[in-house]
Amino acid sequence: GAVVSQHPSWVICKSGTSVKIECRSLDFQATTMFWYRQFPKQSLMLMATSNEGSKATYEQGVEKDKFLINHASLTLSTLTVTSAHPEDSSFYICSASPAGGNTGELFFGEGSRLTVL
Amino acid sequence: DAKTTQPPSMDCAEGRAANLPCNHSTISGNEYVYWYRQIHSQGPQYIIHGLKNNETNEMASLIITEDRKSSTLILPHATLRDTAVYYCIVRVAGGGNKLTFGTGTQLKVEL
């Protein structure tokens, strides 16, 4: 299947700093990418839909000024957690679907674990 | 997207078939049934999907009832590496359509 890669796979930062997570589709172009967050022992929660060349669409309750999403190309979307705090510590996962795919199969990255001290 | 109901956990002996049920009684005519799994601390992995016909691939088989209100994912010969949370999701096909995850079924494959 298609490959989606995230970087970094894990990051530790101090409270108040900003952290950027990259999501790349390695062998296909994706006009839409999705960002999820997962807390321990919980399911994945959709945070936002990232659209290439336009503003992201955020789910209810997700602060768009805190979680900045940029989808500048058909193979790269970034999530920046601004002024991170310990409660932002979580597993962040992105997914993407090949443009033009007829069944809309989504492929997921390996996830990025953020720990805010 | 229609909601799905899955048992929270199941056990299976290694080498035996694992049959994971999913109820989706409010599924719409244009919604597909997708199955993903998530091994601990990894991103979800696509397994299989179908609309109304039964489907089979190298990983699993998907059996969808005639009324499409429920389905079963079958892992024919479960191994320890199949231990994971399995998610059944119904969704309209199309790359721009999001996947909404429920709580899934924690499958534990044991010796």
Side-chain angles (χ1 to χ4, degrees), chain A residues 1-7 9-10 21 23 25 28-52 54 56-60 62 71 74 90-113, chain B residues 1-9 20 22 28-53 55 57-60 62 64 83-108:
Chain A
V3 179
V4 176
S5 179
Q6 286 184 238
H7 178 81
S9 55
W10 60 270
I21 300 170
C23 177
S25 55
F28 65 95
Q29 294 183 329
T31 53
T32 303
M33 291 184 176
F34 302 92
W35 286 96
Y36 293 82
R37 179 170 56 182
Q38 186 176 34
F39 293 109
K41 298 186 184 296
Q42 295 187 22
S43 186
L44 286 79
M45 184 189 78
L46 180 66
M47 299 176 65
T49 302
S50 169
N51 301 297
E52 188 267 336
S54 64
T57 303
Y58 291 81
E59 296 297 305
Q60 190 173 7
V62 178
H71 193 160
L74 288 172
S90 189
F91 193 48
Y92 291 88
I93 307 167
C94 72
S95 69
S97 180
N102 60 357
T103 60
E105 183 179 325
L106 284 179
F107 298 96
F108 287 80
E110 316 95 317
S112 299
R113 186 165 301 284
Chain B
D1 290 344
K3 291 184 177 179
T4 61
T5 304
Q6 299 177 253
S9 64
L20 292 93
C22 179
S28 300
N30 61 346
E31 288 182 314
Y32 285 71
V33 180
Y34 290 82
W35 282 85
Y36 283 79
R37 73 179 182 184
Q38 185 180 27
I39 295 170
H40 183 62
S41 294
Q42 297 183 22
Q45 176 188 23
Y46 165 82
I47 301 174
I48 199 167
H49 74 281
L51 183 62
K52 52 184 177 181
N53 296 323
E55 302 288 344
N57 63 21
E58 64 277 5
M59 288 184 68
L62 174 60
I64 303 174
T83 293
V85 178
Y86 288 76
Y87 295 98
C88 167
I89 303 166
V90 293
R91 162 181 176 258
V92 176
N97 296 315
K98 57 191 177 184
L99 277 175
T100 302
F101 286 81
T103 52
T105 296
Q106 171 67 64
L107 174 68
K108 185 176 181 182

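So that the names make sense, note that chain A is the first sequence line, chain B the second, and so on, each numbered from 1. Below, each value reflects all heavy atoms present in this structure, side chains not excepted, and no hydrogens, waters or symmetry copies. Just so we're clear, the structure is a prediction, and the values are computed from it rather than from any experiment.
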Q.
Less than 4.5 Å apart, side chain to side chain, heavy atoms only: is that true for Leu106(A) and Tyr34(B)?
A. no
Q.
Check whether Tyr87(B) reaches the backbone of Ser43(A) with its side chain - one donor and one acceptor, N or O, closer than 3.5 Å.
A. no
Q: Check whether Leu44(A) gets within reach of chain B through its side chain, its backbone, both or neither, counting any heavy atom under 4.5 Å.
A: both
Q. Under the side-chain hydrogen bond (donor to acceptor under 3.5 Å, both in side chains) test, which residues partner Gln38(A), sequence neighbours left out?
A. Gln38(B)
Q: Identify, with sequence neighbours excluded, every residue that meets side-chain hydrogen bond (donor to acceptor under 3.5 Å, both in side chains) alongside Tyr46(B).
A: His49(B)
Q: Between chain A and each of Pro44(B), Ser41(B), Gly102(B), count heavy-atom pairs under 4.5 Å; write down the option with the most.
A: Pro44(B)
Q: Taking the six-membered ring for Trp and the single ring otherwise, decide whether the centroids of Phe108(A) and Phe101(B) are under 6.0 Å apart.
A: yes
